[in-house]
Amino acid sequence: MTRKRRRLYFVLAGMVTLGLATTLVLIAFQDNLVFFYSPSDVVEKGVEPDRRFRIGGLVEENSVTRTDGDITVAFRVTDQVHAVPVVFRGLLPDLFREGQGIVAEGTLNGQGVFVASEVLAKHDENYMPPEVADALKRAGQWQGEEK
Amino acid sequence: MSEFLAMGGYAAFVWPSYLIAAIVMLGLLVVSVRTWRDSKSTLEKLQDGRRDRRRPRDGAT
Amino acid sequence: MHRFANPTRFMRLSARILPWAAGLALVLTLAGLVWGLGYAPPDYQQGDTVRIMFVHVPAAWMAMFSYTFMAVASATALIWKHPLADFSAKAAAPIGACFTFIALVTGSLWGQPMWGTWWVWDARLTSVLVLFFLYLGYMALWQAIEDPQKASRAAAILALVGFVNVPIIKFSVDWWYTLHQPASVLRLDGPAIHPSILWPLLVMALAFKAYFVTVLLVRIRSEINLRKIRAMQQARIAEEVGFAAPPAAEITGRT
């Protein structure tokens with residue numbers, strides 16, 4: 001075969017091999033690459049106390065309570081299957097509210113409460129003007145995060 | 001106008017975003033055009049030099 | 001494709017395209033800025049920070065597009081040895097690096113008010129940072145290796161190896177739990193962005209594309225000139241030293 005053809009096959013074979021190798025490496029490292037656990041992960045698999053990790057989910061409706069004059073906030077984070085209680089002292093992001101997605105970093109204490117050192121808001125991929133959001137809610141078509 | 005500049009309270013995040021994008025993109029454009037101009041003039045000088053240097057090839061001596 | 005591989009032809013063609021590309025970039029950018037900053041509504045949830053999208057998303061799209069372009073040009077250079085493929089890849093790199101930088105910085109500026117943090121090491125952000133380093137590494141290879149042929153080969157291999165990162169970036173938000181949300185535009189169910197916000201985004205995306213073409217053409221033209229200069233300087237040195245390489249014995253005999 002011509003040298004050109006040979007170079008082409010070499011490049012193609014190289015790319016395929018690279019792709020396969022990368023896929024295998026990523027699959028092997030799955031557990032280590034986890035950015036956050038869902039509440040179900042925490043409840044079903046269990047996490048050792050004092051191990052730092054992140055938990056992500058939605059702020060459960062009617063679960064937010066503030067104490068210490070609003071400095072400490074307690075709420076439950078849920079993935080609609082399981083929920084984990086969270087307690088946090090500090091500044092909450094602007095987007096924090098019930099029904100909102102969050103990712104909290106901290107540790108699980110002995111009583112199964114997640115003591116968070118940081119709470120981040122995780123928003124979805126939908127973008128629309130306020131009027132459209134209101135109209136969808138009025139029509140009962142709202143599928144996004146609560147406002 | 002001040003409402004526009006305030007960006008709903010997020011001015012400190014919105015305006016720097018646009019500013020940085022503008023600076024970087026304009027900067028790259030300017031640098032690229034300058035390199036082009038320099039290369040063009042250097043090439044022209046070399047080509048003129050070549051035309052003027054029409055001496056016979058006497059590398060042997 | 002072979003017709004355009006001729007540098008002289010390329011110079012003529014690019015000279016004709018350039019003013020149009022530049023003009024388009026300017027007009028589209030102005031239109032996009034006015035539309036996005038002035039007329040687009042705030043987001044129901046993110047308020048006016050959504051306007052950062054009109055710079056952040058086009059930059060991110062172009063960061064990935066530029067790398068793909070660079071990888072394809074590199075493969076072409078490696079396989080078919082087109083002279084222009086080489087120049088194209090080299091020219092695209094700094095443009096892609098700039099777009100990636102803009103995406104990262106504007107992303108941080110958007111993340112801090114909305115997420116509550118400037119940075120997280122989730123799969124999306126990390127893979128885009130890797131992209132930035134790949135661009136820098138690619139540019140460094142060209143600078144570091146003296147011989148253009150060798151530099152071209154090394155850089156091309158890096159570009160191709162690094163290409164694995166591009167699908168990782170795209171699908172990172174689907175394959176792993178990330179803080180960064182899933183795709184809003186290029187998804188199976190169609191865009192999740194309301195037209196009043198989507199349209200200015202698309203205009204800016206086109207503006208950035210036109211900008212890419214403009215700067216790319218300028219840079220390739222420079223590359224062609226620089227190679228000519230290098231060739232002429234080497235030819236001149238060869239002339240002054242003595243054109244044909246004489247056998248070793250003659251050189252020592254001559255002095």
Side-chain angles (χ1 to χ4, degrees), chain B, chain C residues 22 25 29 33 36-38 42 46-56 58-59 91 94-95 97-99 101-103 105-114 208 211 214-229 232-233 235-236 239-244 246 254:
Chain B
M1 181 58 172
S2 64
E3 242 186 61
F4 175 70
L5 289 173
M7 282 291 158
Y10 293 119
F13 303 99
V14 176
W15 295 117
S17 294
Y18 278 83
L19 226 79
I20 290 177
I23 290 172
V24 171
M25 288 170 78
L26 284 170
L28 177 65
L29 182 66
V30 165
V31 165
S32 302
V33 170
R34 240 184 234 157
T35 305
W36 155 251
R37 291 222 177 106
D38 290 346
S39 72
K40 186 158 186 252
S41 72
T42 306
L43 192 61
E44 275 161 11
K45 270 189 228 139
L46 275 177
Q47 281 166 337
D48 290 341
R50 221 171 198 192
R51 274 196 293 276
D52 296 338
R53 263 176 34 246
R54 241 178 260 234
R55 57 162 194 243
R57 278 213 344 236
D58 59 329
T61 42
Chain C
T29 304
L33 286 175
L37 288 169
Q46 299 190 47
D48 286 287
T49 63
V50 79
R51 300 181 204 281
I52 300 178
M53 182 203 292
F54 304 131
V55 202
H56 172 77
I95 316 178
C98 284
F99 282 134
F101 178 79
I102 294 172
V105 171
T106 56
S108 286
L109 285 164
W110 198 357
Q112 172 57 24
M114 289 294 98
F208 277 36
Y211 169 89
T214 306
V215 179
L216 182 77
L217 291 180
V218 169
R219 296 192 73 89
I220 297 178
R221 289 160 68 85
S222 295
E223 263 323 298
I224 293 175
N225 281 0
L226 291 170
R227 293 299 174 98
K228 277 195 197 143
I229 290 171
M232 290 175 84
Q233 285 171 336
R236 181 186 276 180
E239 275 178 21
E240 288 167 6
V241 169
F243 222 7
R254 190 170 296 169

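Letters go in sequence order (proteins before strands), and every chain restarts at 1.
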Proximal component of C:Arg221, with respect to chain B [non-hydrogen, under 4.5 Å]: both

Taking every heavy atom of C:Tyr211 against every heavy atom of B:Leu26, the minimum-distance pair comes out as OH-N, 4.5 Å

At what distance, to the nearest 0.5 angstrom, does NZ of C:Lys228 lie from CG of B:Leu43? 6.0 Å

Max heavy-atom pairs within cutoff under 4.5 Å with chain B, candidates C:Ile52, C:Val55, C:Leu33, goes to C:Ile52

Check whether B:Tyr10 gets within reach of chain C through its side chain, its backbone, both or neither, counting any heavy atom under 4.5 Å. side chain

To the closest 0.5 Å, what do you measure between CG (C:Asp48) and CD (B:Glu3)? 9.0 Å

Inter-residue atom distance C:Leu109.CG - B:Leu19.CG, 0.5 Å rounding: 10.5 Å

Taking every non-hydrogen pair under 4.5 Å, which of B:Gly9, B:Ala12, B:Ala21, B:Gly27 racks up the most with chain C? B:Ala21

Looking at chain B, which one of C:Val105, C:Ile224, C:Thr106, C:Thr214 has the largest number of heavy-atom pairs inside 4.5 Å, strictly under? C:Thr106

Please classify the contact between C:Pro42 and chain B as side chain, backbone, both or neither, with a heavy-atom cut-off of under 4.5 Å. neither

Contact summary for C:Leu226 and B:Ser39, nearest pair of heavy atoms: CD2-CB, 4.1 Å

Please classify the contact between B:Ala6 and chain C as side chain, backbone, both or neither, with a heavy-atom cut-off of under 4.5 Å. neither

Decide yes or no on ring pair (Phe, Tyr, Trp, His ring centres under 6.0 Å) for B:Phe4 and B:Trp15, but give the supporting numbers first. CA-CA 11 Å; B:Phe4 175 70; B:Trp15 295 117; 5.5 Å; yes

Contacting moiety of C:Met114, where chain B heavy atoms sit under 4.5 Å: side chain

